Amino acid sequence: MKIKISVPATTANLGAGFDTFGLALNLFNEFIVEESSSIEIETSPKNDFLENPENNLFVQVLKRSCEYFGNEFHGVKLSQRNNVPVARGLGSSATAIVAAIMVSAFVNKKELTDKDFFNIAYEFEPHPDNLLPAWKGGFTIALKDKENTFYQKLDFPKEIKAVVAIPDFQLSTEEARKVLPEKIPLKDGIFNVQRASLFVSAVITKRFDLLKVAMDDKFHQPYRKKLIPGFDNVIKNALENGALGASLSGAGPTILALATESFDDIGKSMAEAFEKEGVKAEYKVLDINEEGAKIEVI
Ligand code: HSE
């Protein structure tokens, strides 16, 4: 049996919704899997690092998931098509985690419950804001307490697209969390609660004029921007060229703009602001993905 799983890229935070908001994007990593008695990995574009089973997150999560579902792991023949850039704040790790959990549940004929999904997934990535939209698609609001993950998936306006400016350097979430302070002043807490709430209501009521102010943030962007040359100017260019709002994508270094028009003008102007700082960058215009991860026998 040959199984194919496609999992969308995701952008987390969307400004004020730090560790809470996530949005799935129409850019996919694909994992084609066959049973095997050994581990064989082929990647496209070719990536020697990922072809080593010890480094391959999909293989590591698959092993753990098989154990979780009570099945011995013997091996796998994996063909991995990577379209989501790695360590850029677009949820590439979440694609591998979601894909591996879905495959193991499918092969072991288990219905994948939220509880099982998060039990396994959190061993590899502790934040639901990329995991959830990668799995379920759409715009998700999630919180994790000691025992449970509570979440909602909301309709996201179809007329909005994501313009992502992707600089040519990697930044791990771990590195980008190290620069965050332990404590946040109350006024910054208020600033973010107000904006995150406004963002949700703007999405529900399609008040696109509110997105600019609603995507501002004081929890993480002011600290992380020192790791991202040109951050302020990339945001400024996006807004001046027609974006509804702009923010760091996840832990960065990609920057996200939401827009209903002028997509290429926005993307070009964002890439130019990176390039002014000597950082090569490309941009992509992506539809919002509503379906989430898909698994099929091929
Ligand atoms: N919310 C996370 C962060 C992104 O900004 O560090 C990855 O889940």
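These numbers were taken from a predicted model, which means no experiment stands behind them. Whatever order the structure lists ligands and atoms in, that order sets their numbers, starting from 1.
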Residue pair Ile288, Asn26: steps toward the side chain to side chain contact (heavy atoms under 4.5 Å, CB included) verdict: CA-CA 6 Å; Ile288 307 310; Asn26 267 348; over 6 Å; no

Numbered in order shown, the ligand 1 atoms found under 4.0 Å of a heavy atom of Phe18 are 3 (C), 5 (O)

Take every heavy atom of Arg224, measure it against each atom of ligand 1, and state whether any distance is under 4.0 Å. yes

Could an N or O of ligand 1 be found under 3.5 Å from any N or O of Asn13, whether backbone or side chain? yes

So, for Phe117 and Tyr122, is the gap between ring centers shorter than 6.0 Å? no

heavy-atom search around atom 7 (C) of ligand 1 in the protein gives Asn130 OD1, 3.1 Å

Examine the proximity of ligand 1 to Asp19 and report which part, side chain or backbone, both or neither, has a heavy atom under 4.0 Å away. both

NZ or CZ of Lys268 within 45° of Tyr283 ring axis and under 6.0 Å: no

Are Gln80 and Glu42 close enough that some pair of their side-chain heavy atoms sits under 4.5 Å apart? no

Within 45° of the axis and under 6.0 Å from the centre of the six-membered ring of Phe191, does NZ or CZ of Lys218 qualify? yes

shortest atom 8 (O) of ligand 1-to-protein heavy-atom contact is with Asp129 OD1, 2.7 Å

Tell me, do Val76 and Glu34 make a side-chain contact under 4.5 Å, heavy atoms counted? no

Taking distance alone, with N or O pairs closer than 3.5 Å, would you say Glu125 contacts ligand 1? no

Pull out every atom of ligand 1 sitting under 4.0 Å from any heavy atom of Thr173, numbered as shown with elements. 6 (O)

If you apply the rule side chain to side chain contact (heavy atoms under 4.5 Å, CB included), what do you find for Met215 with Phe199, and how did you get there? CA-CA 7 Å; Met215 288 177 76; Phe199 185 88; 3.7 Å; yes

Under 4.0 angstrom from ligand 1, any heavy atom of Arg177? yes

Which ligand 1 atoms, with their elements, are less than 4.0 angstrom from a heavy-atom of His127? 8 (O)

